[in-house]
Amino acid sequence: MEFSRRDFIVTATMASLAARARGQAQSSATPGAQPTRPPVQTTGKGFGTGRPPILVSSANGWNGIDIGYQMVRDGKDTLDAAIAVGKVQEDDPNDSSVGYGGLPNEEGVVELDSSCMHGPTRRAGAVGGVRNIKNVALLAQAVMNNTGHVMLVGEGAERFGYAMGFEKMNLLTERSRKTWMLWKETHSNQDWWGPGLDDPNWQANAQGEAASAQLQEEIYRRLEELAARLGIEPEYRQVAIEQVLHPPHGTIHCSALNDKAEISGMTTTSGLAWKLPGRCGDTPIIGAGCYTDQDVGSAGATGSGEENIRVAGAHSIVENMRKGMSPQEAGLDVLKRIARNFNNDQNKLRYVSMNYYILRKDGAYAGVSMWSGRLDRPSRFCVHDGQKRLEPCVALFQGTDLPYPPRTPQPRPNVPSSR
Ligand code: ASP
């Protein structure tokens with residue numbers, strides 16, 4: 001079959017159905033009929049309780065959380081420990097959501113965001129849109145420690161970083177560059193331009209009927225060919241194609257509490273893949289991506305940054321706990337506020353991915369998510385209190401979120417849980 005570039009652009013957008021179909025077939029063949037997963041193990045009060053020292057992070061904190069836990073055990077500062085967890089992923093060229101190797105913006109330039117709060121001294125630091133420094137969580141901490149400001153962005157943040165001795169480097173790995181090239185080549189009008197999910201006139205799709213199975217296969221074959229031509233390694237091609245069709249999120253958050261009840265938090269990210277240059281999500285926003293109050297606890301977020309900014313998620317959670325809610329109740333309440341912002345319209349909410357990681361000053365903790373995730377890949381978070389483990393998030397809705405922007409007609413959303 002011959003494809004013109006225009007055909008390819010139009011049909012590539014429809015190919016996302018193939019990917020979705022693959023994912024959804026495994027999650028909920030009949031929307032609304034997905035079995036409820038077993039409840040999370042809790043103390044019976046609706047939240048987990050760990051003994052300090054304890055660290056709570058997004059699931060991708062798994063590789064670094066041992067280091068952070070040991071630091072806190074050794075009496076090191078809680079913020080240093082939380083940042084050390086993030087740094088492991090920032091340094092990893094194979095983590096395409098954070099630091100070096102993060103997927104770039106639409107111009108092929110990696111832009112990183114981070115924020116942190118130090119409970120004991122009640123200070124905060126943040127950086128946004130940093131292009132050539134990989135350890136932006138440390139850079140946010142340097143803003144906190146070495147300036148009278150809280151937040152620096154773009155070129156100013158970088159120049160400050162170089163003055164502080166941070167290394168200048170190209171953050172785009174060959175793999176991320178090639179994936180960006182693949183996106184660029186298949187790029188259509190399905191990008192981050194145009195009205196977003198919050199637009200009152202937003203429509204789920206304008207693509208008409210689903211592509212035929214034959215066409216879907218053809219699109220995939222075409223993308224695979226293109227990926228091979230670009231030199232993307234065979235074992236990475238499938239991932240790259242998914243990243244092109246469904247621009248991924250990805251972020252790491254960690255909160256750390258020591259046995260003196262000192263608590264701190266940090267969040268770091270490369271943000272949304274293929275974003276508009278200069279776009280900052282929730283991660284560098286104190287109160288959205290990260291918030292810590294020494295009197296109460298700490299919270300952080302990963303997921304749809306724009307939605308989280310609109311509810312000042314991390315701050316709202318900490319304030320909820322201040323008023324007496326458990327970590328789980330505090331997190332679910334904020335997820336409900338996001339749902340309320342869409343008038344509980346499931347046709348929109350299914351495009352919202354949102355996770356919160358919550359640690360109270362007494363060691364009580366929770367991970368909550370908007371969607372429970374696929375049965376074979378549930379939404380989880382990481383805890384270390386001497387025993388490192390992944391626990392399932394408590395979800396507001398059962399089912400999977402869908403990648404945004406939508407490109408094809410979608411089946412009806414799953415039924416909300418009774419929570
Ligand atoms: N919240 C991040 C952002 O919007 C992305 C993510 O967590 O996946 O930039």
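Just follow the structure's listing: the first ligand is 1, and inside any ligand the first atom is 1.
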Within a reach of under 6.0 Å around CZ of Arg377, are more than 12 heavy atoms found that belong to other residues, nucleotides or ligands?
-> no

N/O of Gly281 under 3.5 Å from N/O of ligand 1, yes or no?
-> no

Any N or O on Gly303 sitting closer than 3.5 Å to an N or O of ligand 1?
-> yes

Numbering the atoms of ligand 1 from 1, which are under 4.0 Å from a heavy atom of Asp282?
-> 1 (N), 2 (C), 3 (C), 4 (O)

For Thr283, the ligand 1 atoms with a heavy-atom partner under 4.0 Å come out as 1 (N), 2 (C)

At a 4.0 Å threshold, what atoms of ligand 1 neighbour a non-hydrogen atom of Thr302?
-> 7 (O)

Look at ligand 1 and say whether Glu306 reaches it with a heavy atom at a distance under 4.0 Å.
-> no

Inspect the surroundings of CZ in Arg73 and state if more than 12 heavy atoms from other residues, nucleotides or ligands are less than 6.0 Å away.
-> no

Counting only heavy atoms, which portion of Asp113 has something under 4.0 Å from ligand 1: side chain, backbone, both, or neither?
-> neither

With under 30° as parallel and over 60° as perpendicular, where do the rings of Trp371 and Phe397 fit, or are they tilted in between?
-> tilted

So the ring-ring contact (aromatic ring centres under 6.0 Å, His included) pairs with at least one residue in residues 78-121 (sequence neighbours excluded) are none

Atom 6 (C) of ligand 1: closest protein heavy atom, distance to 0.1 Å, is Thr251 OG1, 2.8 Å

Side chain to side chain donor-acceptor pair (under 3.5 Å) partners of residues 146-156, not counting sequence neighbours, each pair once | Glu155-Arg159

heavy-atom search around atom 4 (O) of ligand 1 in the protein gives Arg279 NH2, 2.8 Å

Under 3.5 Å, is there a donor-acceptor pair between the Tyr351 and Ser304 side chains?
-> no

With rounding to the nearest 0.5 Å, note down the distance linking CD1 in Ile338 to CD in Glu307.
-> 6.5 Å

